[in-house]
Amino acid sequence: MTDVFGDLVGQDEAVAVLRRAAASAAALLRAPVTAPVGGRDDLDALAEEHDDDPAPAPADPGAGMTHAWIFTGPPGSGRSVAARAFAAALECVHGTGCGSCPGCHTTLTGTHADVRLVVPEGLSIGVNEMRALVLRAASAPSGGRWQIVIIEDADRLTEAAGNALLKAIEEPPPRTVFLLCAPSTHPDDISVTIRSRCRVVPLRQPPPAAVAEVLVRRDGIAPDVAEWAAAAAQGHVGRARRLARDPEARQRRDAVLAVPRRLTGVGAAFDAASALIEAAEAEAAASVAEIDEAERTALQTALGAGGTGRGAAGAMRGAAGQLKDLEKRQKSRATRAQRDALDRALVDLAGFYRDAIVMALRAPVAPVHTDTASLAGAGAQKWDAEGSLRRLEAVLECRAAIEANVKPRIAVEAMMLALWRG
Ligand SMILES: [Zn+2]
């Protein structure tokens with residue numbers, strides 16, 4: 001039986017920090033209230049403690065705990081897994097994150113009354129959503145432990161939403177804990193002022209062997225498949241699991257890795273660009289279709305669609321606005337899903353050219369894509385290290401351009417031409 005940190009693959013240092021914090025938090029809850037009435041809470045004082053401060057005296061029951069955290073790391077390293085595990089440990093009735101008590105269980109399944117999870121569906125988290133959240137987070141925890149707000153993709157906060165959050169972090173309610181997830185603490189991802197109020201838990205890209213081990217142990221995947229998928233997913237646990245289990249995900253990857261072979265001319269480059277964009281659109285559409293439909297049905301039911309009573313006409317007028325809001329949200333989510341799908345494809349493609357460089361240099365490093373290693377080897381002979389590197393850079397530039405809001409089709413066409421020309 002593993003505890004709540006069991007799914008954090010290859011993150012021993014981060015897990016040690018979080019275990020210590022959870023133990024401190026539990027000690028804080030047990031400690032008699034020593035602060036004068038109206039005075040500062042233990043957590044307030046701790047909020048001003050920074051990573052580089054000397055460790056507080058061991059007698060301090062709050063050592064290691066603070067009210068605002070940022071989990072950083074590359075996609076797939078388990079930022080949100082870490083945040084959820086830590087939340088579970090804080091709500092755990094034993095204060096350890098045992099994994100089997102009601103506190104752990106409800107937190108991990110997303111039904112704990114005091115744990116709120118913000119998952120941005122669109123391209124950004126808006127100010128209204130954040131204000132509502134901050135307001136609710138200020139109430140006393142109903143379970144008597146902690147009020148926890150987890151913000152996945154905190155780098156997608158709008159500036160106004162970031163300011164609303166900052167206010168709450170600057171003047172934290174005594175029992176409220178904020179857990180933010182972001183790719184890094186670069187000012188592009190997290191504002192400097194929010195960063196300065198949080199303790200940072202850096203996660204690393206887990207090594208393929210650790211990813212393979214968890215696929216075998218927890219998901220019951222055959223060791224050879226797990227090993228292949230872990231390497232192909234380049235340390236992304238969720239992606240590795242999908243590759244190992246989902247034949248469609250494998251087919252999409254195969255199609256992407258066929259691109260270098262298909263680039264035989266200008267026309268072929270444009271065709272390859274279209275195919276890549278359309279595949280991403282189809283994948284995204286499939287991933288959001290079910291939830292879109294469920295939301296529409298739920299809203300229509302709530303609005304009493306099909307009603308014929310006196311109030312029905314008035315209700316339908318209000319309904320038009322709500323339906324429009326819903327469509328806007330769904331469109332934003334679809335755009336995000338498309339970009340995510342396209343980005344996965346670009347990461348696979350980057351892995352291929354990385355393999356070509358490794359082979360051109362005869363570096364003693366395992367290839368990312370074992371199944372296209374011979375093709376990458378042929379590329380290495382043809383392009384040499386330098387030509388392979390230029391192609392890898394073209395893929396990375398495409399990713400950066402899309403992240404900077406260049407229209408995906410334009411960015412991908414430019415990339416395909418660069419990949420063809422070298
Ligand atoms: Zn527990």
Side-chain angles (χ1 to χ4, degrees), residues 1-33 41-43 46 58 60-71 73 77-119 133 136-152 172-181 198-203 206 210 213-215 217-220 237-238 241:
M1 183 71 221
T2 57
D3 69 5
V4 294
F5 296 109
D7 287 345
L8 264 174
V9 184
Q11 310 291 355
D12 298 347
E13 282 168 44
V15 168
V17 169
L18 297 176
R19 280 190 199 285
R20 208 159 49 233
S24 305
L28 264 179
L29 292 179
R30 283 193 301 268
V33 181
D41 188 272
D42 285 6
L43 272 188
L46 283 162
D60 180 351
M65 182 55 188
T66 187
H67 74 287
W69 298 73
I70 302 178
F71 297 85
S77 56
R79 299 181 301 237
S80 63
V81 177
R84 276 175 231 227
F86 185 41
L90 292 177
E91 302 291 8
C92 174
V93 298
H94 308 293
T96 56
C98 66
S100 43
C101 74
C104 286
H105 189 72
T106 52
T107 304
L108 292 179
T109 52
T111 53
H112 196 293
D114 297 330
V115 180
R116 257 167 291 279
L117 176 68
V118 185
V119 185
L133 193 78
R136 285 183 62 192
S139 58
S142 63
R145 297 187 72 87
W146 305 95
Q147 246 334 327
I148 302 175
V149 178
I150 303 175
I151 303 177
E152 280 192 13
R175 288 286 190 82
T176 304
V177 181
F178 292 92
L179 308 178
L180 318 185
C181 308
C198 296
R199 187 172 300 167
V200 179
V201 180
L203 302 172
E213 191 268 328
V214 82
L215 293 187
R217 174 170 54 80
R218 211 190 50 180
D219 303 297
V237 184
R241 186 175 295 125

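Quick caveat, the model's predicted, so the values are computed rather than measured. Order of appearance sets the numbers: ligands from 1, and atoms from 1 within every ligand.
Partner of Ser77 under the side chain to side chain contact (heavy atoms under 4.5 Å, CB included) criterion, out of Leu8, Val9, Leu203: Leu203 alone. The only member of Thr107, Leu90, Val149 that meets side chain to side chain contact (heavy atoms under 4.5 Å, CB included) when paired with Val115 is Thr107.
Within a radius of less than 2.8 Å around the Zn ion (ligand 1), the protein N, O or S atoms are Cys92 SG, Cys98 SG, Cys101 SG, Cys104 SG.
A donor-acceptor contact closer than 3.5 angstrom is absent between the side chains of Gln147 and Arg136.
Remark: Arg218 engages Asp7 in a salt bridge, criterion side-chain N to carboxylate O under 4.0 Å.
Arg79 has its side chain out of reach of Glu152: every pair of non-hydrogen atoms, C-beta onward, lies at least 4.5 Å apart.
Sorted by first and then second residue, the ring-ring contact (aromatic ring centres under 6.0 Å, His included) pairs with a member in residues 4-23 form an empty list; sequence neighbours excluded.
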